[in-house]
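Below, read A as the first sequence line, B as the second, and so on, with proteins coming before strands; counting in each chain starts at 1.
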Amino acid sequence: MRNRAQKFLAAADAALAGRSIRGGTAHIYALVRLWHWANAAAILVLSLTGYLIGTGTPAIWGMASGGFLFGYIRFAHFSAGYVLSAGFLLRIYWALMGNAHAMQIFCVPLWRRCFWRELHHEIRRYSFLAVEPERGLGHNRLAQLAMFFMFTQTITFMVVTGFALYGQGAGTDSWQYKVFGWVFSLWPNSQDFHTWHHLGLWVIVMFALVHIYAVLWDDVVSRRSFPSIK
Amino acid sequence: MGDATETFYGVIRRQGITRRSFLKFCSFTAASLGLGASSIAHALETKPRVPVIWLHGLECTCCSESFIRSAHPLIKDALLSMISLDYDHMIMAAAGHQAEAILEETRARYKGGYVLAVEGNPPLNEGGMFCIDGGKPFVEKLTSMAEESMAIVAWGTCASWGCVQAAKPNPTRAVPIDKLITNRPFIKVPGGPPIAEVMSGLVTFITTFGKLPKLDHQGRPSMFYSERIHDKCYRRSHFDAGQFVEEWDDTNARKGYCLYKLGCKGPTTYNACSALRWNGGVSFPIQSGHGCLGCSEDGFWDKGSFYDRLTTIKQFGIEQNADEIGMAAAGVVGLAVAAHAAVTAAKRLRHRPDRPAHKGKPS
């Protein structure tokens, strides 16, 4: 009975990081997995289009009326941004309504002694000094830390600044500007937000690198998880 | 100069201008402000002319230069008829003690009833010694005149944001006016300089209605600063089509493609250049083939090259932009990941994976 409950929870946590237990009861957490992959797709689109928007495309020939390339790139960026934002809201809802593990990427218990002990162990494990993973359930503490500081924080920042910049184009009377335009009182020149929004892209790229590597590494080394791509 | 009880209408009738011409002027100005012509006509017929004190601090006088080129309304009308410009040492006839006496007189006679227009800003370091005006630090003149003013108009980026004299490291500690005076109605008209018609249009509005127009979050008049250069740029279709100038002298530049990749700051700059244009609607920087510098935005002088889209980030010691820093950081992470993978592979080659490594801590 206890074993089953553990398996159940492990499936829940694993699904969150893009991992899953073969078979099992993962279907309950289809919501989180759906979020994960919608999120991943949105981030892929956002990163590629975002980079192009920041640097510009190679020149296209012909009449301006014949092409809308940059327009389509920006459209893809904005659409993916909406998908990401809606998904993020859904994920916040799930953090509140789901089990304790659903809250992991939003709340890091820095004040708990066991957190630091487990974190220390996990660092030893990634430094090849220890072999066995400390926690059986949920994200390990190192992953939780990375999730919170590199993913959750960055995505929040990107959503807020993204909508604020979108609001500039949509006009000062648009709801995006009314809801998110307050950020421009922090830095009046929106040029700064373009710069920070761009830096955010690179934080996400770094996160994705570490995230994908850690999933594969953990799968190979501990055989506890495997990519849910299957 | 003028009698405060005299109306604008009275003055221009005395000068021989017909009522028909007067109404024409009202329609022009109303159109540029987005208002009804009748309200302007009514106000100009009934309201007394507002005295304006125009101070010059640490500046280059480009705002005045711009202002005197106003075409709608003609600067002649604005200066000689609409407002009672009691003090502006660039264009006033009086000099020396007579000129300075006007300040005291206006301050006493029109308590809370005059508009204080400020061009340039006060440097605060060394007790304001970097800008001496009439034998005293400019900052003293500014604060004393601001106390009794009805409203303050900050002309240009100097008065609004600080501009180049406030650029890092800002040795004179030049500050925008609203950092110094916080208790008066305040309007920012940024730009280096602001467009002539924006300036004269605002003067018309303030003197006509005796109040400030609707302002945005940053204290700028919404009627002129609610849209970016980019939003009304005539090269916008090239931006949407993905047609960019790559080099200043390439074919694309000759074809008039978008200057985005050459660092045009149009997408982040709120101003009316692309709508009103300059010199009576002749042109504006982008139309002349050069990207927008973003001169009406805060800190434009400290954002690195005018010819890069991405701001230079100086905190890393060497000048880099977000992309270069991001790629370098991602490269480091990539190398770390690769190294980690290599170590893992090496360890697994030495120890078969099926048995736990002997060094492992028992769980």
Side-chain angles (χ1 to χ4, degrees), chain A residues 51 54-74 121 124-126 128-134 168-169 171-173 181-182 184-185 187-199 201-203 205-206 209-210 212-214 216-217 220-221 223, chain B residues 161 216-218 222 226-228 230-231 235 237-246 250-252 257-258 260-261 265 267-270 294 297-300 303 309-311 313 321-323 325-327 329-330 332-334 336-337 340-341 343-344 347-348 353 356-357 359-363:
Chain A
Y51 181 79
T55 51
T57 52
I60 306 294
W61 296 99
M63 296 293 284
S65 55
F68 198 60
L69 178 70
F70 216 57
Y72 289 129
I73 291 175
R74 293 173 72 237
H121 177 81
R124 277 171 55 83
R125 195 166 83 87
Y126 275 86
F128 309 104
L129 297 172
V131 168
E132 286 305 313
E134 176 95 6
Q168 290 199 312
T172 44
D173 50 356
W182 56 267
F184 297 118
S185 51
W187 293 313
N189 189 343
S190 58
Q191 174 80 14
D192 293 321
F193 285 96
H194 282 267
T195 303
W196 283 99
H197 199 71
H198 228 81
L199 279 173
L201 156 70
W202 292 104
V203 175
V205 167
M206 283 186 268
L209 273 175
V210 174
I212 293 166
Y213 175 70
L216 296 174
W217 186 82
V220 171
V221 171
R223 301 218 170 253
Chain B
W161 301 122
D216 67 7
H217 294 309
Q218 299 186 19
S222 299
S226 60
E227 279 185 323
R228 301 168 302 169
H230 189 58
D231 294 322
R235 298 194 185 197
S237 54
H238 293 296
F239 172 84
D240 287 332
Q243 296 177 319
F244 302 107
V245 177
E246 306 278 344
D250 67 4
T251 323
N252 299 355
Y257 284 0
C258 175
Y260 184 73
K261 284 171 89 168
K265 301 292 187 295
T268 53
T269 305
Y270 284 88
E297 287 293 319
D298 179 37
F300 83 92
K303 303 285 178 221
R309 268 303 303 159
L310 293 169
T311 302
I313 299 170
N321 67 30
D323 264 357
I325 290 166
M327 271 184 209
V332 169
V333 170
V337 162
H340 196 269
V343 173
T344 309
K347 283 184 84 76
R348 287 174 68 81
K359 275 196 283 184
K361 180 182 153 192
S363 56

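The CG atom of B:D231 sits 8.5 Å away from the CD atom of A:Q168 when rounded to the nearest 0.5 Å. Residue B:D298 holds its CG atom at 10.5 Å from OG of A:S190, rounded to the nearest 0.5 Å. Atom-to-atom distance recorded for A:N189:CG and B:W161:CH2 is 8.5 Å, nearest 0.5 angstrom. Atom NE2 in A:H194 sits 12.0 Å away from atom NZ in B:K303 (nearest 0.5 Å). Note: A:M63 CE to B:H238 NE2 = 8.0 Å, rounded to the nearest 0.5 Å. Here the straight-line distance linking atom CG of B:D323 with atom CG of A:L201 works out to 7.5 Å at 0.5 Å rounding.
Residue contact with chain A, scored on non-hydrogen atoms closer than 4.5 Å, involves the backbone and the side chain of B:R309 alike. Proximity to chain A (any heavy atom under 4.5 Å) is shown, for B:D216, by neither the backbone nor the side chain. At a 4.5 Å heavy-atom cutoff, B:V332 makes no contact with chain A through either its backbone or its side chain. Heavy atoms of B:A341 lying under 4.5 Å from chain A belong to its backbone as well as its side chain. In this structure, no portion of A:S185 lies under 4.5 Å from any heavy atom of chain B. Only the side chain of B:Q218 has a heavy atom closer than 4.5 Å to any heavy atom of chain A.
Contacts with chain A were tallied for B:N252, B:V333, B:V337; B:V337 has the most, counting heavy-atom pairs under 4.5 Å. Contacts with chain A were tallied for B:A329, B:P267, B:A241, B:S222; B:A241 has the most, counting heavy-atom pairs under 4.5 Å. Here B:Q243 is the residue among B:E246, B:Q243, B:E297, B:E227 with the most heavy-atom pairs under 4.5 Å with chain A. Annotation: maximal heavy-atom pairing with chain B below 4.5 Å, among A:G181, A:A64, A:G171, occurs at A:A64. Heavy-atom pairs under 4.5 Å with chain B were tallied for A:V205, A:V210, A:T55; the largest tally goes to A:T55. Interface check for chain A: of the options B:G326, B:A330, B:A336, B:C258, the most heavy-atom pairs under 4.5 Å are formed by B:G326.
Not counting sequence neighbours, the partners of A:Y72 by the side chain to side chain contact (heavy atoms under 4.5 Å, CB included) test are A:F68. By the ring pair (Phe, Tyr, Trp, His ring centres under 6.0 Å) test, A:W182 pairs with no residue at all, sequence neighbours left out.
Considering all non-hydrogen atoms of both residues, A:Y213 and B:H340 come closest at OH-ND1, 2.8 Å. Closest non-hydrogen pair, A:F70 versus B:F239, comes out as CB-O, 2.9 Å. Residues B:F244 and A:G56 share a closest heavy-atom pair of CE1-CA, 4.3 Å.
Here the two rings, on B:H217 and A:F184, have centers that are 6.0 Å apart or farther.
Under the 4.5 Å side-chain criterion, counting only non-hydrogen atoms from C-beta, B:F300 is not in contact with A:Q191.
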